[in-house]
Amino acid sequence: MKILQLDPSLTYRPEPENHQYRNYKDGPLVDRVKMTYNLMHTYQTVDFVKKKNALWSSCTHKKMSVMEALSLLDNLVDESDPDVDFPNSFHAYQTAEGIRKAHPDKDWFQLVGLLHDIGKILALENEPQWAVVGDTFPVGCKFQKSIVFSDTTFKNNPDAKHPVYR
């Protein structure tokens, strides 16, 4: 007999008291996370972003419902997240539920929480994870110190040496 667990976050990410999320310094996933950010910060350039925008911005590649897109996230574990090592669909529902508990009067906010990572399905369309996961940063300008791992990961990004972008 299969037991249906309505809230997978209780198993996959129990909420211990005083847990510090977004820990990029140590932990079991930090090597994977740092490698993902290193690739991201090396290869995400103005030229790369322009090419991907031209490829994907038509929104004509597939047609699916939001629920179908969310279910695709069952097949993705975000390599940039230092806190989780389970399918991203669980994270979507966790986020929406956390917002619902904190802001029960803001249904729009709950929806945003549910959908905030839906673009990661591009990783299932052969885009490398470093191109669609992680904390975003602007291209075409100087890389800010507030960017995760910025002190070590931008050294091989061609835009860091570009006379206008740097």
Side-chain angles (χ1 to χ4, degrees), residues 3-16 19-24 27-30 32-41 43-46 48-141 143-144 146-150 153:
I3 297 173
L4 177 65
Q5 183 174 344
L6 297 178
D7 184 358
S9 67
L10 297 176
T11 298
Y12 289 100
R13 184 162 152 179
E15 302 289 341
H19 180 75
Q20 296 296 314
Y21 291 106
R22 312 301 284 174
N23 176 359
Y24 294 101
L29 305 175
V30 74
R32 177 191 77 185
V33 171
K34 188 156 187 173
M35 181 185 70
T36 301
Y37 275 98
N38 189 55
L39 291 167
M40 177 192 313
H41 294 169
Y43 298 111
Q44 279 192 14
T45 63
V46 170
F48 176 83
V49 170
K50 286 180 178 179
K51 288 176 182 172
K52 293 304 173 181
N53 190 44
L55 175 64
W56 293 108
S57 65
S58 68
C59 298
T60 57
H61 297 271
K62 276 189 178 174
K63 187 173 182 170
M64 66 185 81
S65 70
V66 169
M67 294 308 292
E68 289 169 326
L70 281 170
S71 71
L72 287 176
L73 291 175
D74 288 345
N75 304 306
L76 179 77
V77 175
D78 183 342
E79 296 172 354
S80 74
D81 194 323
D83 300 314
V84 299
D85 198 24
F86 53 79
N88 215 233
S89 57
F90 293 173
H91 171 65
Y93 289 104
Q94 281 179 325
T95 303
E97 179 61 13
I99 294 169
R100 186 193 64 77
K101 286 179 182 175
H103 303 280
D105 58 324
K106 296 179 180 164
D107 57 350
W108 64 269
F109 193 18
Q110 298 160 35
L111 180 61
V112 170
L114 182 66
L115 302 179
H116 80 281
D117 279 343
I118 210 162
K120 292 178 182 179
I121 63 171
L122 291 176
L124 304 172
E125 293 294 323
N126 295 318
E127 287 295 342
Q129 276 213 22
W130 58 260
V132 297
V133 302
D135 296 345
T136 60
F137 60 93
V139 295
C141 60
F143 301 119
Q144 299 299 304
S146 60
I147 299 171
V148 176
F149 297 124
S150 65
T153 55

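The residues of the chain are indexed from 1 along the displayed sequence.
Using a distance-only test at 3.5 Å, with no hydrogens or angles considered, no donor-acceptor pair links the side chain of Thr153 to the main chain of Asn38.
Taking CG of Asp74 as the reference point, atom OG of Ser89 lies at 3.5 Å (rounded to 0.5 Å). To the nearest 0.5 Å, atom OG of residue Ser146 and atom CG of residue Asp135 are 10.0 Å apart. Atom CD of Gln44 and atom OG1 of Thr136 lie 9.0 Å apart (nearest 0.5 Å). How far CD1 of Ile99 is from CZ of Phe109: 4.0 Å, rounded to the nearest 0.5 Å.
With a 6.0 Å radius and a threshold of 12 heavy atoms from other residues, nucleotides or ligands, Tyr43 has its OH atom at or below the threshold.
Classified by interplanar angle (parallel below 30°, tilted 30° to 60°, perpendicular above 60°), the ring pair His91/His116 is perpendicular.
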Step-by-step salt bridge (charged side-chain N to carboxylate O under 4.0 Å, His left out) determination, Arg32 to Asp85: CA-CA 11 Å; Arg32 177 191 77 185; Asp85 198 24; 2.8 Å; yes

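Nearest heavy-atom pair across Leu76 and Gln129 is CD1-NE2, 3.1 Å. Closest heavy-atom contact between Tyr37 and Gly134: OH-CA, 3.5 Å. Shortest non-hydrogen contact noted between Lys120 and Val132 is CG-O, 3.6 Å.
Applying the salt bridge (charged side-chain N to carboxylate O under 4.0 Å, His left out) criterion to Glu68, with sequence neighbours excluded, gives no partner residue.
The only option from Asp81, Leu29, Val133 that meets the side chain to side chain contact (heavy atoms under 4.5 Å, CB included) definition with Thr36 turns out to be Val133.
Between Phe137 and His41, the distance from one ring center to the other falls under 6.0 angstrom.
Pairs engaging residues 59-81 under the ring-ring contact (aromatic ring centres under 6.0 Å, His included) rule: Trp56-His61 [sequence neighbours left out].
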